Protein chains: 2
Amino acid sequence: MPPASVRATLIEVAKLAGTSKTSVSRFFGPERERLTPSLQARIANAATTLGYQPNLMARGLKGGGSRLLGVLVADIRNPFSVAVVHGIEQAARAHGYSLIVCNTDNDPEREQQHLSLLKSYQVEGLIINAAGQPEAQLQALMHSGVPLVLLDREVHQLDVDVIGLDNALAIDMALDHLVQQGYRSLLYVSESPAHASTRQERLQRFNQQAESLGIKSQTLILGNSAPHFEALTVFTQHSASSPGAVLCANGNVTLAMTRSFQQLGIPLGPTGLMGIDELDWCELITPGITTLAQPTDDIGHAAVSCLLNQLNGSAPTSPVRYRHAPRLQVRGSTTLKPNL
Amino acid sequence: MPPASVRATLIEVAKLAGTSKTSVSRFFGPERERLTPSLQARIANAATTLGYQPNLMARGLKGGGSRLLGVLVADIRNPFSVAVVHGIEQAARAHGYSLIVCNTDNDPEREQQHLSLLKSYQVEGLIINAAGQPEAQLQALMHSGVPLVLLDREVHQLDVDVIGLDNALAIDMALDHLVQQGYRSLLYVSESPAHASTRQERLQRFNQQAESLGIKSQTLILGNSAPHFEALTVFTQHSASSPGAVLCANGNVTLAMTRSFQQLGIPLGPTGLMGIDELDWCELITPGITTLAQPTDDIGHAAVSCLLNQLNGSAPTSPVRYRHAPRLQVRGSTTLKPNL
DNA sequence: GAGCCTATTGGGAACGTTCCCATTTTACTG
DNA sequence: CAGTAAAATGGGAACGTTCCCAATAGGCTC
């Protein structure tokens with residue numbers, strides 16, 4: 001028999017099972033075991049007959065918890081973000097939570113809107129990959145008791161858990177690798193670090209480490225219209241005296257730089273190319289692009305467990321800052337002399 | 001002044017504004033204009049002071065609509081899916097809707113679970129990129145009045161709107177292009193068409209058209225462990241007599257085939273390679289991979305407007321089957337003689 | 001077998017809205 | 001200026017749950 005076309009309620013199930021709504025409610029909650037086996041059977045029966053499914057809106061209203069987690073992503077089309085969301089989803093589902101995913105397209109205004117929206121839906125926790133610096137709103141959210149976790153990017157003056165890559169380690173690993181491969185001059189390319197702490201951290205670490213290693217280095221900020229061809233051309237011209245490599249701050253940059261290398265006819269290897277973030281196609285560009293892969297699933301899982309810890313009240317007193325180590329994926333683009 | 005740390009309710013706003021909850025409710029609904037300007041001002045004032053935000057759970061409960069749309073995606077890591085979700089999100093937001101996005105990872109069981117879940121959240125509409133064939137559940141959903149739209153893949157015995165690519169046209173365009181470029185032998189590669197109508201349609205059309213055009217053709221189904229290297233090698237060996245091209249049924253296949261071409265050392269162009277779905281990196285693989293790009297944003301927008309039409313009761317009597325035309329992106333991988 | 005404790009069950013209020021309907025106010029007609 | 005219609009506002013029930021507490025049933029102890 002097909003379920004009734006109008007949704008059955010707790011009360012109807014109770015009526016059919018010859019019991020009270022309270023018992024039915026218990027049956028679907030964590031107190032099922034308190035019910036007599038025979039009662040349990042009757043309720044189970046009635047529920048299936050009617051095709052009953054709890055109305056989570058009502059539950060959310062009464063205070064039983066919405067079982068929703070809000071996820072705010074700065075750029076949903078970025079494969080890194082998607083991979084992390086995938087991890088978050090896995091972990092959330094394992095704990096009986098669902099996700100409301102909002103995409104801000106890196107627009108602080110949309111971020112604001114989405115934050116109020118998520119609050120309106122009574123999400124039990126929030127995972128935020130910030131586009132702007134919405135301290136005020138987040139602070140308010142925090143004070144109203146909503147667990148918060150920042151993903152990848154920090155927000156000033158906000159003391160909450162942060163999950164992401166160990167940026168310093170990543171840069172160190174990259175420099176290590178490049179120097180070991182014989183590159184003596186480095187160009188670090190990033191998108192504007194203005195609103196993303198991650199970009200700042202990486203950039204800063206790069207400058208600091210390059211200096212302390214005594215390596216010739218420069219940086220290039222990718223603008224929308226920036227004529228970076230010129231900079232790139234100049235950079236590669238010195239390669240005879242000291243071989244150079246380009247380090248890309250993230251996947252987007254790697255894409256842009258790969259394009260530029262091709263358009264300028266710069267061969268990969270003799271001029272090195274390396275990127276943070278692993279992408280499907282990095283192995284396909286001859287001779288392969290070396291990357292630092294982020295453990296995206298781990299990051300997603302970590303974000304959810306931080307949230308759950310906060311929900312259980314078992315959160316540590318001071319915020320956690322969990323930095324994950326990247327995995328170095330060596331390919332041909334950072335091999336100086338392919339023939340040796 | 002910071003908003004109160006506990007969420008303000010309609011009643012508190014009403015009290016502060018010296019009016020009734022009904023008026024405040026109206027203020028935040030579509031009947032704002034019915035209120036005296038002075039009353040509107042008082043309410044607006046009180047609301048900002050208290051940092052009031054409607055509780056959408058409560059609204060959803062009472063029947064005012066949850067303002068939620070459910071999106072069920074078969075594979076959230078597929079760039080095509082993400083792009084469509086992006087389009088859906090844009091359109092939904094423009095109409096004041098938010099998204100609960102669920103990922104099934106192509107697992108029919110998870111699909112079932114997610115469907116009940118979405119139902120529980122009282123979503124006002126459902127956009128489904130089916131993993132299995134959940135006719136029963138979807139039928140039930142339909143009968144209970146939830147607007148439904150299928151994305152990309154159809155479900156048997158289910159008469160609802162379907163939005164997706166015009167698969168027949170896509171195959172025709174591909175064949176046209178390949179034949180025009182001089183390829184005389186075609187290999188169509190697809191993932192298992194077992195549970196995805198799209199794959200079936202494309203495959204069938206390919207066979208049908210190849211025959212009616214009198215072209216030598218074969219098909220290859222990509223299994224998990226299938227040793228397709230052999231088939232590919234054999235296929236390319238005849239290329240002297242009649243030049244061959246490989247047509248990939250979707251982005252995943254294009255990725256796999258590109259890998260295989262490289263591992264087998266098959267040059268692109270002399271053996272053609274073309275894929276349905278546009279991907280970031282297709283232009284980067286020398287000499288560029290020809291693709292049929294799907295208008296993902298349009299598809300997303302169309303899905304939302306179908307849903308809204310149904311919600312407004314202005315739906316046409318019989319289900320719409322909206323097929324979008326792909327855009328041909330010609331690149332070097334389908335140029336037989338690069339030197340001419 | 002009376003008395004008590006515990007395991008099981010049920011009734012009612014509350015959550016924050018929306019919507020129906022009743023009431024008050026305003027504006028207009030003649 | 002009474003009379004009436006229309007506009008503006010307010011009161012209360014209802015949505016489907018959960019949770020507190022009361023009530024009942026069952027099993028002990030002495």
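Just so we're on the same page: letters track the sequence lines, and every chain starts at 1. Keep in mind it's a predicted model, so treat the numbers as computed, not measured.
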Whole-Å gap separating [atom2] ([N]) and [atom1] ([X]):
| X | N | atom1 | atom2 | value |
| --- | --- | --- | --- | --- |
| A:R59 | C:dA14 | CZ | P | 22 Å |
| A:Q40 | C:dT8 | CD | P | 10 Å |
| B:L39 | C:dT24 | CG | C1' | 13 Å |
| A:L10 | C:dG11 | CG | P | 13 Å |
| A:F27 | C:dT8 | CZ | C1' | 16 Å |
| A:E31 | C:dT9 | CD | C1' | 12 Å |
| B:K62 | C:dT17 | NZ | P | 14 Å |
| B:I11 | C:dT18 | CD1 | C1' | 12 Å |

Applying a 4.0 Å non-hydrogen cut-off, can you work out what B:L56 is touching in the nucleic acid: base, sugar-phosphate, or nothing? nothing
B:R34 side-chain proximity, nearest of D:dC15, D:dA8, D:dT17: D:dA8
Minimum-distance nucleotide to B:K21 side chain [options: C:dT9, C:dT18, D:dT9]: C:dT18
Ignoring backbone atoms, establish whether [X] has a side-chain N or O less than 4.0 Å from OP1 or OP2 of [N].
| X | N | value |
| --- | --- | --- |
| B:S25 | C:dT17 | no |
| B:S20 | D:dT9 | no |
| B:T19 | D:dG10 | yes |
| B:Y52 | C:dT17 | yes |

Drop me the distance from B:Q90's CD to B:D297's CG, to the nearest 0.5 angstrom. 5.0 Å
Closest-nucleotide ordering on DNA chain D, the 5'-leading residue of B:A58 and B:S23: B:S23
Find which nucleotide of DNA chain D each of A:P30 and B:G18 is nearest to by heavy atoms, and output the residue with the more 5' nucleotide. B:G18
Whichever of B:P54 and B:R26 has the more 5' nearest nucleotide on DNA chain C, that residue is B:P54
Judged by each residue's nearest nucleotide on DNA chain C, which is more toward the 5′ side, B:T22 or A:T22? A:T22
Hey, is B:E154 close enough to B:R323 for a salt bridge, meaning N to O under 4.0 Å? yes
Please examine the side chains of B:C306 and B:Y322, heavy atoms only from C-beta on, and report whether any two atoms are closer than 4.5 Å. no
A:S81 side chain vs A:V73 backbone, donor-acceptor pair below 3.5 Å: no
Quick one: do A:Y97 and A:L308 satisfy side-chain contact (heavy atoms from CB on, under 4.5 Å)? Show the steps, please. CA-CA 10 Å; A:Y97 283 86; A:L308 293 179; 3.8 Å; yes
